[in-house]
Amino acid sequence: MDVSQLLDQLNDAQRQAVAAPPQSLLVLAGAGSGKTRVLVHRIAWLIQVEGISPLGVMAVTFTNKAANEMRGRIEGLLGIPVSGLWVGTFHGLSHRLLRRHWEKAKLPQGFQILDSEDQLRLVKRVLRSLDLDEERWPPRQAQGFINTQKDKGLRPQHLDDTGDATNRQMIRIYSAYQAACERSGVVDFAELLLRSLELLRDNPDLLKHYQGRFRHLMVDEFQDTNELQYAWLRLIAGTQTPVFAVGDDDQSIYGWRGAKVENIRSFQKDFKGTEVVRLEQNYRSTATILNAANALIENNDGRLGKQLWTAGDQGEPISLYTAYDERDEARYVAEQIRDWFNQGNQRKEVAVLYRSNAQSRVFEETFISMQIPYVVYGGLRFFERAEIKDALAYMRLLANTSDDPSFERVVNQPPRGIGDRTMAQVREFARAKQISLWQAAGELVQGSQLTGRARNAVAGFLGLVHQLIQSCEGLPLYEQVEHMIDQSGLVPHFEKDKTDKGQSRIENLQELVTAARGFRLDPDEHADMDELTAFLSHAALEAGEGQGDPWEDCVQMMTLHSAKGLEFEQVFLCGMEEGLFPHRMSMEEPGRLEEERRLCYVGITRAQKKLTLSCAERRRLFGSDTYNAPSRFIGEIPNEFIEEVRSSVMTSEPVYRPSAVADTEVGGFRIGQHVRHAKFGDGMITNYEGHGSSARVQVNFEMAGSKWLVLAYANLQAV
DNA sequence: GCGACATTGTTTTTT
DNA sequence: ACAATGTCGC
């Protein structure tokens, strides 16, 4: 393609970024400002104009989807398939390095990847082996601790024993967990990154090789990087390689899982001579929507600063619907969508966005009853289904018999009489001799420790896997999967469940064969792997699509988090209520509240033409009624952009609708009332939920701040 | 090994 | 409210 064309399609700021001299650059790309476009054009520019070989470019993203899209668009732009260009996720690229240099990384060649669920199972097992009570040491907390440490680049030996008993125990758990991983030849997600970082750091020749190879690094969604990812980037970049980082501090919504927006600031210090380019022209939304978004985000402190603008029209005002309850809210949205569709628009151009997944239910019920097709994003994905994970565990044992987590998973799945008793013996034996469960089981069967029934059962399982290994030798991947499904006994086992659940499990197993048949080795991605290992890694790193039928014209339903990066002509932002959004768990801390606000900003900026906000006066949540005030975020949008709407039809609501007094009164107190508490002093009731003895009120105390109190115990005095 | 019953937690999610 | 675990008795 003609070089000049690369720049022709861009605005000034975009062009400045794309054609920048080869130095580090920070692109602050507002929502809808053509971020991916700039990234893709920059790569094309480097290859075509700067004469950089595709081999010299690495582009890192967070999701596989983003990586695939980027690769596709680069190839579209250049008109040829680009091989040798490393485009992938942090985890995918780390994985690639580890497979290529498994020996130097001190990993077994057939190492397997644990997803979060596998990891949690393993943590539980480690806790049991340390004889720790799960009540006192919640597995999830231990898992969180381990991942947090790894995300900071810390190994157990780096952690200080602060003298705190909890901390000491956590370090002990982390150590034991890590030892279990090493013995089994498995790595968790964080380990992929940390291990590859250590690989490069501890092998200067390797590091030099990769630093020499990659002449340019590109990072997408830079605001979402955590400490470890940023350290990984810095290591690979070294002192010479320019990094092209694209991000938006206003769209940082993953702080809760370790993302550090601060990395954006550090970037300018860590990479000397970094230029900053702001992309502020928005090509997505109407001026009204953008102005609302700008006004909202102004309420956050410490932003790098950005003002989105558009050359387009004002567009329609933002609608605000205040519903009686969540059913009324869903009904209103459904009607609006029906009208929209009847006016000749597509349903798939409409998104219903909410803060938490539980909110989707009412919408689903309403859409079904009104016969509006919809898709919900973000359920269980294909490779995460229990039956698929069972099947994959068998396949993993074929690849690596010392994979203890997989052994544990299927040793008695389907049930074959190997109970806790027997497994306890096997585990103990394995621990004593420092060998894998597989080896331990083998030796126990050989020896005389196991008796009659248990011995037969274990021998049966070992024989089954042995036989699978032999019969799969040299077969194409999908035939291996077929063999495994035939011989494992999983199908007869699931057949016992006569419900459609059992039926669908069997269908999924069939689907796994299809997936295996369709699996193609990618020469870049899977260079150092056999077909089975490549397939298993693919399954762990790319869990497959959630639900979603791209052919049907469906309303799109998803959480605000999963909406990031997407756009729709019409967007409904639902459940705009204090406690729900901002979520109750994030309301107290200023930092977390700001993240909620950014989430709202993300939601608003998804809309191209029309945005509707909705909230409900009463909402049934966790079994009891809650009465939430409208979200503060609604108030942060200037009134001039908002138009309150009423339902077009009379609802049946008045039948149940209690009087205003009854509505806001509980146990003799009402919202707005001033009360006194023995310990917290004076305050005002701002909210309540539940009835009778379980009724709780939220009181904003003058001195002690906002608290939820159970009315029955709080002994509040009216002031 | 399975079904019945109790307990528990319930923001967001990728890899 | 409700689903997803965990526990217990046969």
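Since the structure is predicted, the reported quantities are computational estimates derived from the model, not experimental observations. The sequence lines fix the lettering, A, B, ..., with proteins before strands; numbering per chain opens at 1.
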Original post:
Expressed in angstrom and rounded to an integer, what is the separation of A:Phe494 atom CZ from B:dG1 atom P?
Top reply: 15 Å

**OP:** Establish, with yes or no, whether the OP1 or OP2 oxygen of B:dT14 is under 4.0 angstrom from a side-chain nitrogen or oxygen of A:Asn226.
**Re:** no

**OP:** Applying side-chain contact (heavy atoms from CB on, under 4.5 Å) between A:His101 and each of A:Leu107, A:Leu199, A:Leu200, A:Asp528, report the one that passes.
**Re:** A:Leu199

Subject >> Residue A:Thr63, side-chain atoms from C-beta onward, closest of B:dT15, B:dT13, B:dT11 >> reply: B:dT15

**OP:** Find the distance A:Leu536:CG to B:dT15:P and express it as a whole number of Å.
**Re:** 18 Å

Original post:
Any idea how A:Trp256 and A:Tyr254 line up, ring-wise: parallel (<30°), tilted (30 to 60°), or perpendicular (>60°)?
Top reply: tilted

Original post:
Whole Å only: how far is the NZ atom of A:Lys65 from the P atom of B:dT14?
Top reply: 10 Å

Original post:
Does the base of B:dT15 carry an N or O that pairs as donor and acceptor with the side chain of A:Ser116 under 3.5 Å?
Top reply: yes

Original post:
Rounded to the nearest Å, what distance is computed from the CG atom of residue A:Asp188 to the P atom of nucleotide B:dT13?
Top reply: 21 Å

Original post:
Does the B:dT11 base have a donor-acceptor partner in the side chain of A:Arg592 within less than 3.5 Å?
Top reply: yes

Subject >> Residue A:Lys124, side-chain atoms from C-beta onward, closest of B:dT13, C:dA3, C:dG6 >> reply: C:dG6

**OP:** Side chain of A:Asn357 only, please: which of B:dT12, B:dC2, B:dT11 is the nearest?
**Re:** B:dT12

Subject >> Side chain of A:Phe622 - closest among B:dT13, B:dT10, B:dT15 >> reply: B:dT10

Subject >> Rounded distance (Å) that lies between atom P of B:dT15 and atom CD of A:Gln229 >> reply: 12 Å

**OP:** Give one of base, sugar-phosphate or nothing for A:Asn64, where a contact means two heavy atoms less than 4.0 Å apart.
**Re:** sugar-phosphate

**OP:** Give a yes/no answer on whether the side chain of A:Arg361 brings an N or O atom under 4.0 Å of OP1 or OP2 in C:dC2.
**Re:** yes

Original post:
Does OP1 or OP2 of B:dT12 have a side-chain N or O of A:Ser586 closer than 4.0 Å?
Top reply: no

Original post:
Distance between the P atoms of C:dT5 and B:dT12, in whole angstroms?
Top reply: 15 Å

**OP:** State which of C:dA1, B:dG1, B:dT15 makes the closest approach to the side chain of A:Pro415.
**Re:** B:dG1

**OP:** For the side chain of A:Arg257, starting at C-beta, report the closest nucleotide among B:dT15, B:dT13, B:dT11.
**Re:** B:dT13

Original post:
Does the distance from a Lys or Arg side-chain N to an Asp or Glu carboxylate O, for A:Arg620 and A:Glu326, drop under 4.0 Å?
Top reply: no

**OP:** Could you tell me whether A:Asn412 contacts a base, only the sugar-phosphate backbone, or nothing, with contacts defined as non-hydrogen atoms closer than 4.0 Å?
**Re:** sugar-phosphate

